[in-house]
Amino acid sequence: PPLANGRGTLTAAARSVSYGETFDAAGDTAEVAVDATPPVADAGADVDVYATSAAGRVVTLDAGASSDDSGRALTFAWDVDGDGAYDDAGGAAPAVSFAIGVHDVGVLVADHVGNTATDVVRVTVRDNPPVADAGADLRSDEGAEVELDGALSSDVEGALAFDWTFGDGARGEGLRPRHVFRNQGAYVVTLTVTDSAGQTATDTLRVDVTNVPPSVSLGADRVVGEGVPLLLAASASDPGPDDVLELAWELGDGTTAAGARVTHVYRQDGRYTVAATVRDGDGGEARDELLVEVRNLPPVPDAGSPLTTREGDVVRLVGSATDPGVDDVLTLRWLFGDGASADGADATHRYLRDGRYVAFLVARDDAGAEGVATVAVTVLNVPPEHDLPAVVEVPLGTSFRLLLEPTDASPVDAAGLAVVWEIRASGAGEPVASGTGREVAWDAAGALAAVLHVEVADDDVRVAFSAPEITIDTRLDA
């Protein structure tokens, strides 16, 4: 009969058969130990580790806590791949390579008589999270390109994807992106790395961006005439593209202006230093200057419309003048064209002879520049005049004497008047006396009535005058 686990007595007897006969020998007994108790399998505590490479990780299994009451050595067989066959590894503590994932590993423990026991240990190999390293903090100028470096980031399983946020609303990708910060400030840059399993890690760095002053250029020196609009333009720039620039002008004559382009009129000639200051709103500024040479321009007189007058009459000439230099002080002088002149814009003049004259209005500014305008003056001739007596009575036997006194509106003409006279008897055809000059002389031969005719001529016209009657009266006693 089978022996129970533990200790018992085993009796053995011998029987032999020879030539058909059976012979029994006397039996013997012995005390034996019977082991029917299986060992205790202990695959160890569950293992939860991170992978050390993209392939996973080597884990040392440990079934060393397995035991058997016999105290004898145990043998170990492992089912690593989960196929039910304990044929993947041996020994109490084999080193086994596991892929990333969860693995239920079985161990089969056998004692010296073949009793067996099994146990299962769970091995979890986790994807190792990446390590993000955005690098050390940086300093930069606004508008300058900054290179970021995520090369110190790592992941044991393999390649990483890099995503950057620059703290100014912009984003970038890649191991070493480049970025331009458009304005001064302190920016927190965040690096997010993602591994092949989708795990992420982040790191930040600080970028201190320093303001850079703007620059401004006014170009070459300028030359302009006084009173002429001058366009001034400033070329300003700033490394910080988001900086808002303000331009302030000092125009050198006490006036100021603002903006990139200004138009200015200089009221007086001279040399002016123009300065433009540009400010970026962040405390940065720059300044440039140029020299404006404002040249004096002559005044512009206006002598008015053509005039017509008569010789000897007083004519009024009224002119005016302007100057491109608003602050210039002007003096005006008339040159009447006959050798005479007068100061001022409003002048009167008497032309002594008829003719066509050109009057000049000369305007002079306080810098000595002159402008000239002209006006045509037509002076008409005035005929000479003479007042003769209506009736002249001469006593019989007396010579007739008369001094003629013709006049002319032109003193020049008056001095050169030509006089021709004759005396005709009333009703007679031939003159009884004639002559030239201003003195009329006639010795009457008898009593009669006569008419004196006088012609007076200037250099333009001849005028005839007649006395109605000259009487030589015999009844008048000399």
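- Between the side chain of E226 and the backbone N or O of L297 there is at least one donor-acceptor pair closer than 3.5 Å.
- R126 has its side chain within reach of D48: a pair of non-hydrogen atoms, C-beta onward, lies under 4.5 Å apart.
- Partner of R267 under the side-chain hydrogen bond (donor to acceptor under 3.5 Å, both in side chains) criterion, out of D328, T255, D327: D327 alone.
- Checking side-chain atoms of D458 against main-chain N and O of D460 turns up a donor-acceptor pair under 3.5 Å.
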| task | Start with the C-alpha distance between H179 and V207, add both sets of side-chain angles, then the distance that settles side chain to side chain contact (heavy atoms under 4.5 Å, CB included), and finish with yes or no. | result | CA-CA 11 Å; H179 184 62; V207 180; over 6 Å; no
| said: Between H103 and V80, does the side chain to side chain contact (heavy atoms under 4.5 Å, CB included) criterion hold? Intermediate values first, please. | reply: CA-CA 8 Å; H103 308 271; V80 176; over 6 Å; no
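- Minimum heavy-atom separation, D163 to E173: OD1-CG, 4.2 Å.
- Ring geometry, F336 versus Y351: the interplanar angle exceeds 60°, so the pair is classed perpendicular (tilted spans 30 to 60°).
- The closest donor-acceptor contact from the side chain of R122 to the backbone of V102 lies at 3.5 Å or more, if one exists at all.
- Applying the side-chain contact (heavy atoms from CB on, under 4.5 Å) criterion to S341, with sequence neighbours excluded, gives R333, L335.
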| request: Would you check, one step at a time, whether the test side chain to side chain contact (heavy atoms under 4.5 Å, CB included) holds for V209 with V146? | output: CA-CA 10 Å; V209 179; V146 177; over 6 Å; no
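- Between the side chains of S215 and S237, a donor-acceptor pair is found at a separation under 3.5 Å.
- Looking at S153, its side chain does come within 3.5 Å of a backbone N or O of D133 through a donor-acceptor pair.
- Partners of D221 according to the salt bridge (Lys or Arg N to Asp or Glu O under 4.0 Å) rule, which considers only residues two or more places apart in sequence or in another chain, do not exist here.
- Scored by the side-chain contact (heavy atoms from CB on, under 4.5 Å) test, E293 finds V223, R271, R295 as partners (sequence neighbours excluded).
- Judged purely by distance below 3.5 Å, without hydrogens or angles, the side chains of S410 and D408 never pair a donor atom with an acceptor atom.
- A side-chain donor-acceptor contact under 3.5 Å links R350 to the backbone of G312.
- Here the side chains of V96 and D88 are not in contact, with every heavy-atom distance at 4.5 Å or above.
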Side chains of residues 370-378: which donor-acceptor pairs under 3.5 Å do they make with residues two or more places apart or in other chains?
residue, atom, partner, partner atom, Å
E370, OE2, R364, NH1, 2.9
T378, OG1, R356, NH1, 3.4

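- Listed by chain and number, the residues in a salt bridge (Lys or Arg N to Asp or Glu O under 4.0 Å) with D137 amount to none (sequence neighbours excluded).
- For the residue pair W334 and A345, the shortest heavy atom distance occurs at NE1-O, 3.0 Å.
- Taking the six-membered ring for Trp and thresholds of 30 and 60 degrees, F166 and W164 have nearly parallel ring planes, at less than 30 degrees apart.
- Electrostatic pairing of E285 and R287 does not count as a salt bridge here, judged by no charged N lying under 4.0 Å from a carboxylate O.
- For CG of D387, the number of neighbouring non-hydrogen atoms (other residues, nucleotides, ligands) closer than 6.0 Å is 12 at most.
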| said: Between T263 and L231, is the side chain to side chain contact (heavy atoms under 4.5 Å, CB included) condition met? List the steps. | reply: CA-CA 4 Å; T263 300; L231 175 63; 3.6 Å; yes
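- For the side-chain contact (heavy atoms from CB on, under 4.5 Å) test, residues two or more places apart in sequence or in another chain that qualify with R438 are L403, L404, P406, L417, V419.
- Of the possible polar contacts, none joining the D323 side chain to the V326 backbone as a donor-acceptor pair under 3.5 Å is found.
- Summarising the geometry of V382 relative to E311, their closest heavy-atom pair is N-OE2, 2.9 Å, with the distance given to 0.1 Å.
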